[in-house]
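First up is the structure itself, then whatever we jot down about it.
Convention: sequence-line order gives letters A, B, ...; per-chain numbering from 1.
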Protein chains: 2
Amino acid sequence: MRLTTKGRYAVTAMLDLAIHSDRGPVSLAEISKRQEISLSYLEQLFSKLRKAGLVASVRGPGGGYQLGRGLDAIFVAQIVDAVNESIDATSCGGKGNCQQGEVCLTHHLWSDLSDQIHHFLSGISLAKLVSRHDVKSISQRQEINSLDDLDVIQSSRLA
Amino acid sequence: MRLTTKGRYAVTAMLDLAIHSDRGPVSLAEISKRQEISLSYLEQLFSKLRKAGLVASVRGPGGGYQLGRGLDAIFVAQIVDAVNESIDATSCGGKGNCQQGEVCLTHHLWSDLSDQIHHFLSGISLAKLVSRHDVKSISQRQEINSLDDLDVIQSSRLA
DNA sequence: TAATAACCCACTATTTTAGTCAACTAAATA
DNA sequence: TATTTAGTTGACTAAAATAGTGGGTTATTA
């Protein structure tokens with residue numbers, strides 16, 4: 001599980017797509033303008049997102065991209081994974097040169113941690129992000145400042 | 001919140017330090033050998049960890065590094081933050097060229113998400129990692145599937 | 001004082017991220 | 001059918017982050 005600006009770009013673009021997908025396919029040119037991400041870089045990202053089945057493409061005039069499935073079936077972890085090729089298995093994989101098993105243990109520990117983060121991000125759907133988008137635009141009127149406030153609002157909405 | 005191999009190196013090294021700190025200071029040379037991380041790279045990382053107060057150094061023969069505070073007062077998020085200089089505030093910070101406020105909204109959404117991940121990693125202490133080292137991965141037995149489950153488990157452990 | 005290990009700095013190599021450019025294919029419409 | 005739109009692909013480049021080198025200095029202890 002890697003978490004860099006690349007993943008942020010992808011999540012942002014997917015979110016933009018989700019928000020604007022009510023009126024047919026969304027072209028990368030639109031997303032590029034709105035989110036200020038270079039068109040060619042978006043092409044690279046969406047090529048991977050498409051291969052992962054997260055988006056579907058429509059060619060020709062009026063074409064663009066659509067979500068590959070429902071808002072509530074696309075999760076942040078999937079988006080991040082799609083653009084970040086999976087992390088390499090690291091050093092001691094099958095070499096067996098671990099001293100007293102310690103190297104392998106710490107390695108496993110990290111991968112456990114990585115799994116936990118993955119689990120966590122697997123619990124956040126695009127739908128949840130979009131609904132938070134709504135909440136946020138409301139919050140600007142209501143003067144909500146802390147994350148805790150947001151959580152309260154969000155969980156009450158999801159319930 | 002960035003999450004790359006750099007942070008993994010730091011967490012792994014801190015964990016190695018934690019495990020071996022019962023017999024006085026641990027030298028970077030030892031950690032370098034055990035974890036197969038270059039000594040000079042470790043020096044760079046520990047320079048930052050020291051400035052963050054996560055470790056304390058002892059110079060001279062027999063010297064090395066010790067944990068800056070108790071196992072249960074050092075959290076993964078702190079380690080990752082210490083070595084990854086904080087993410088830049090990104091594009092639309094004060095430029096005001098956001099169209100209908102949308103660009104800023106997605107930016108805020110991402111930073112919220114980033115906060116959530118941060119919050120999550122703030123709940124995992126070195127003590128927890130070390131005990132997991134002993135117990136060999138508790139999560140695999142508990143079958144954690146949803147975010148809610150994770151939250152419940154985590155908060156009950158902290159209580 | 002000699003050995004040890006942290007500390008510090010400038011430098012290099014590699015990889016990843018981000019972006020550019022150009023040619024091509026498929027679909028829609030005039 | 002010709003043209004336009006927009007995805008598709010690949011090769012290439014620039015910049016940044018990651019990872020590692022090398023050489024020195026300072027503090028401490030034996």
Problem set entry | Integer-rounded Å distance: dA17(D) P and L3(A) CG | 16 Å
Seminar exercise, completed: The contact string for nucleotides 22-30 of chain D, one letter per nucleotide 5' to 3', using protein heavy atoms under 4.0 Å with B, S and - for base, sugar-phosphate only and none, comes out as ----BBBB-
For this session: Would you kindly compare R50(A) and V83(B) by the position of their nearest DNA chain D nucleotide and give the one closer to the 5′ end?
Result: R50(A)
For this session: May I have the distance from Y41(B) (atom OH) to dT18(D) (atom C1'), rounded to whole angstrom?
Result: 5 Å
Problem set entry | Non-neighbouring partners of S47(B) that pass side-chain contact (heavy atoms from CB on, under 4.5 Å), sequence neighbours left out | K51(B)
For this session: Not counting sequence neighbours, list each pair that qualifies as a side chain to side chain donor-acceptor pair (under 3.5 Å) and has a residue in residues 52-62 of chain B.
Result: none
Seminar exercise, completed: Outer limits of DNA chain C sitting under 4.0 Å from a non-hydrogen atom of chain B, read 5' to 3', are dA3(C) to dC8(C)
Exercise. Can you find a side chain N or O atom of Y65(A) that sits less than 4.0 Å from OP1 or OP2 on dT8(D)?
Worked result: yes
Exercise. Can you name the nearest heavy-atom pair linking V80(B) to R2(B), along with the distance?
Worked result: CG1-O, 3.3 Å
Problem set entry | Gap between atoms NZ and C1', on K48(B) and dT18(D) respectively (whole Å) | 10 Å
Problem set entry | Sequence-distant partners of E43(B), salt bridge (charged side-chain N to carboxylate O under 4.0 Å, His left out), two or more places apart | none
Problem set entry | Closest heavy-atom pair and its distance - D16(A), Q35(A) | OD2-NE2, 2.6 Å
For this session: Tell me whether the OP1 or OP2 atom of dT18(D) has a side-chain N or O from T4(B) closer than 4.0 Å.
Result: yes
Exercise. Taking only residues two or more places apart in sequence, or in another chain, which ones meet A82(A) in a side-chain contact (heavy atoms from CB on, under 4.5 Å)?
Worked result: L49(A), A52(A), L54(A)
Problem set entry | Atom-pair distance (CZ on R2(A); C1' on dT18(D)), nearest Å | 11 Å
Seminar exercise, completed: By side-chain contact (heavy atoms from CB on, under 4.5 Å), S32(B) pairs with (sequence neighbours left out) L39(B), L42(B)
Problem set entry | Those residues that, when tested against K48(A), pass side-chain hydrogen bond (donor to acceptor under 3.5 Å, both in side chains) (two or more places apart) | E85(A)
Seminar exercise, completed: Contacts of S21(B) meeting side-chain contact (heavy atoms from CB on, under 4.5 Å) (sequence neighbours excluded), chain-then-number -> none
Problem set entry | Whole-Å distance separating the CG atom of L39(A) from the C1' atom of dA6(D) | 9 Å
For this session: Any side chain to side chain donor-acceptor pair (under 3.5 Å) involving residues 62-77 of chain B? Give me the pairs, sequence neighbours left out, ordered by first then second residue.
Result: R69(B)-Q78(B)
Seminar exercise, completed: With five pairs defining each end axis, the helix from dT1(C)-dA30(D) to dA30(C)-dT1(D) comes out bent, to 10°, by 10°
For this session: Would you classify Y9(B) as touching base, sugar-phosphate or nothing, given that sugar-phosphate means primed atoms plus P, OP1 and OP2, and contacts are heavy atoms under 4.0 Å?
Result: sugar-phosphate
Problem set entry | Partners passing ring-ring contact (aromatic ring centres under 6.0 Å, His included) against Y41(B) (at least two apart in sequence or in another chain) | Y9(B)
For this session: Name the nucleic acid region contacted by L28(B), choosing base, sugar-phosphate or nothing; use a 4.0 angstrom heavy-atom cut-off, strictly under.
Result: sugar-phosphate
For this session: Round to a whole Å and report the spacing from NZ of K6(B) to C1' of dG20(D).
Result: 12 Å
